[in-house]
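Written below as structure tokens is the structure these notes are about.
Start at 1 and go down the list; that is how both ligands and their atoms are numbered.
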Amino acid sequence: MATINIDLTPEEYHVPEQRRKALMRKAGLSADAAGTARIVHRTLDCRKRNIVYHCVVEVGPADSSATPSGGNSPLPITPTKQVIIVGAGPAGLFAALRALELGIKPVIVERGKPVEQRKYDIAALTREKRVNPDSNWCFGEGGAGTYSDGKLYTRSTKRGDVQAVLRTFVAHGADPDILLDTHAHIGTDRLSGIIADIRRTIVAHGGEYHFNSRVTDLLVEAGRVQGVIVESGTSAPSTLTADAVILATGHSARDIYHLFRRHGWLLEAKPFALGVRVEHPQELINEIQYHGRGYSQYLPPAAYSLTTQAGGHGVFSFCMCPGGVIVPAATADRQQVVNGMSNSRRNSPYANSGIAVTVGLDDLPPAARPDADPFALLDFQMQVEQQMFHAGGDAVNAPAQRLVDFLQRRPSSRLNKSGYMGDVVSAPLHELLPPFVVDSLTQGFRDFDRKMHGFITADATLLAVESRTSSPVRIPRDKTTLQHPQLSGLYPCGEGAGYAGGIVSSALDGIRCLDAFHDSLL
Ligand SMILES: Cc1cc2nc3c(=O)[nH]c(=O)nc-3n(C[C@H](O)[C@H](O)[C@H](O)COP(=O)(O)OP(=O)(O)OC[C@H]3O[C@@H](n4cnc5c(N)ncnc54)[C@H](O)[C@@H]3O)c2cc1C
């Protein structure tokens, strides 16, 4: 089986008969040859006017076009060893699947509801502007990634087998095309079914779920974690014990950080990023990225990825959602947070993206960071979210401003139509956001407009605040054993512990933590 590179036009790529003919011709095979050419990887390249799909193609005998095999193959467990996994986000779920592969029983403890029920709380949040602190856009089965764009790319390929994670998604119902794409995405409409299917696999192979179960403390004896204390609704707290605990509670579980503070367990402040979500008409982004071609049935809604330096800060686009909507992602009362998601078809008329500015301890006034307080950046994040809640009229409304008005430092007398799942309220973000964020965003937008001419337009709107880009706190762990330095048997894991950012890297970290626990048994 030989591998060759072939470029296809978007039309050749998308029309099956044209694709087959073009592949055979460019692979040097005659149409009636017994050979076959199969695309194993593709990247859409729209940097030049001549837009092409760069394809990696396997060429070989006709019967060798094997379809990719499924994901994990869990073994029947011999439950002599048991691991508690706190949090059913990507980190927790992939740790559980890995546990089953290694014959260890996973017990998943999740504060939120099964994905089928979680959607009602999310609908209530949009409709009634009421945040359920255990069931929202971030909390509940599947974690923060369930209602997302489902982008599946990561920069952390060194951290594990990305393809294995993708194969697991495919084995549970994702489109096999995600195995080919440089920039694969699933879409929120598909993700919830996939998460439910992963649950069925875990339960069928002997894993256990506890929903509506919030972990409020750890059981610790002589420096070793023995289990967790769980609160479920109004019933009295109960305990669950195990050989190890994987703590994969995500970056919004502030109660977990406070638990560490209460006990005096080590935590560290961690740089994160904060900014706004910018929304454009998708058609405009298509025009810019596709060199004036606008809509084409052979091209997907266009995406972008931008990064620059401004005044000593990194400014970057984050979680760009072509054809997406903006969602209210707060996890408690009196917070205003935005994030983005899209369906598999990415068919809303809007393109949105977080535009975030890096924030470190040095950005805070000295009085706000005594002795590198691990909570200094978390407090800063919370203050901005509360201020934005106030600016939204003390309700879950998004404070918004047209991009041109932000740059001109004037309030917007009218706002553009928005795909925000809630109400938007005109607010002077140039006055409300921290000055260094305003200055960095201003320079950043001007630079982005040089790279993507037309990015600054009267049709673009900023919504606040994009503050949950990553965790502002790290739960430390030993580099080799991956256990907390003071708490043996505790594996801080995923985005909330500060070791991942995004669905795939969180999944990889879940697998790593479970492998580290398994190694400790040998
Ligand atoms: C709207 C939105 C869109 C996103 N889009 C993308 C995207 O397209 N691509 C991408 O790669 N990333 C995206 N992300 C980010 C991605 O979802 C996260 O990086 C990823 O989910 C982190 O995984 P995790 O398992 O570490 O934590 P989480 O997914 O946050 O999961 C943590 C879980 O722990 C549970 N939990 C918290 N506290 C407790 C407790 N005390 N007891 C029991 N359970 C608890 C929570 O309910 C939650 O289910 C998006 C996030 C959001 C909010």
Looking only at distances, can you tell me whether any N or O atom of [X], backbone or side chain, sits closer than 3.5 Å to an N or O atom of ligand 1?
| X | result |
| --- | --- |
| A91 | yes |
| W137 | no |
| G494 | no |
| E495 | yes |

Ligand-side contact atoms (ligand 1) for residue partner [X], heavy atom cut-off under 4.0 Å:
| X | answer |
| --- | --- |
| G340 | 1 (C), 2 (C), 3 (C) |
| Y147 | 1 (C), 2 (C), 3 (C) |
| V109 | 43 (C), 44 (N) |
| G145 | 17 (O), 21 (O) |
| A253 | 37 (C), 38 (N) |
| G140 | 47 (O), 49 (O) |
| V86 | 42 (N), 43 (C) |
| A248 | 32 (C), 33 (C), 34 (O) |

task = Please confirm whether R474 makes a cation-pi placement over Y499, using NZ or CZ under 6.0 Å from the six-membered ring centre and within 45° of the ring normal.
result = yes
Applying a heavy-atom cut-off of 4.0 Å, say which part of [X] lies close to ligand 1: side chain, backbone, both or neither.
| X | value |
| --- | --- |
| A144 | both |
| I256 | side chain |
| I503 | both |

key: ring-ring contact (aromatic ring centres under 6.0 Å, His included) between H251 and F272, intermediate numbers included   = CA-CA 11 Å; H251 61 23; F272 75 115; 9.6 Å; no
From [atom], work out which of [options] has a heavy atom at the shortest distance.
| atom | options | result |
| --- | --- | --- |
| atom 8 (O) of ligand 1 | R254, E231, K151, R468 | K151 |
| atom 24 (P) of ligand 1 | G143, P90, A88 | P90 |
| atom 41 (N) of ligand 1 | V504, V215, T249, L152 | V215 |

Would you call [X]-[Y] a salt bridge at under 4.0 Å N-O?
| X | Y | answer |
| --- | --- | --- |
| R111 | D255 | yes |
| D423 | K129 | yes |
| R468 | E385 | yes |
| E141 | R118 | no |
| D197 | R200 | yes |
| R224 | E221 | no |
| D333 | R130 | no |
| D134 | K113 | no |

Compute the minimum heavy-atom distance from [X] to ligand 1 and say whether it is under 4.0 Å.
| X | answer |
| --- | --- |
| S213 | yes |
| E110 | yes |
| A329 | no |
| A497 | no |
| A500 | no |

ask   = Could any protein non-hydrogen atom be found less than 4.0 Å from atom 14 (N) of ligand 1?
value = no
Starting from [atom], which protein heavy atom do you reach first, and at what distance in Å?
| atom | result |
| --- | --- |
| atom 27 (O) of ligand 1 | G250 CA, 3.4 Å |
| atom 34 (O) of ligand 1 | G87 CA, 3.2 Å |
| atom 44 (N) of ligand 1 | R111 N, 3.1 Å |
| atom 31 (O) of ligand 1 | G89 CA, 3.4 Å |
| atom 53 (C) of ligand 1 | N339 ND2, 3.5 Å |
| atom 6 (C) of ligand 1 | S148 CB, 3.6 Å |

ask   = In terms of ring plane angle, is the pair F448 and F445 parallel, tilted or perpendicular, where the classes change at 30° and 60°?
value = perpendicular
Aromatic ring pairing F316/F318, orientation class (parallel under 30°, perpendicular over 60°, tilted between) = perpendicular
inquiry  = Before you tell me yes or no, could you show the steps for D181 and K151 under salt bridge (charged side-chain N to carboxylate O under 4.0 Å, His left out), namely the whole-Å CA-CA distance, both residues' side-chain angles and the distance that decides it to 0.1 Å?
reply    = CA-CA 11 Å; D181 254 328; K151 277 178 282 297; over 6 Å; no
ask   = Heavy-atom distance under 4.5 Å between the side chains of L218 and I229, does that happen here?
value = no
query = Taking only residues two or more places apart in sequence, or in another chain, which ones meet K451 in a salt bridge (charged side-chain N to carboxylate O under 4.0 Å, His left out)?
reply = D447
ask   = Going through the checks in order, is the ring-ring contact (aromatic ring centres under 6.0 Å, His included) test met by H484 and Y491?
value = CA-CA 6 Å; H484 189 272; Y491 295 80; over 10 Å; no
inquiry  = How close do E110 and F139 get, counting heavy atoms only, and between which atoms?
reply    = OE2-C, 4.3 Å
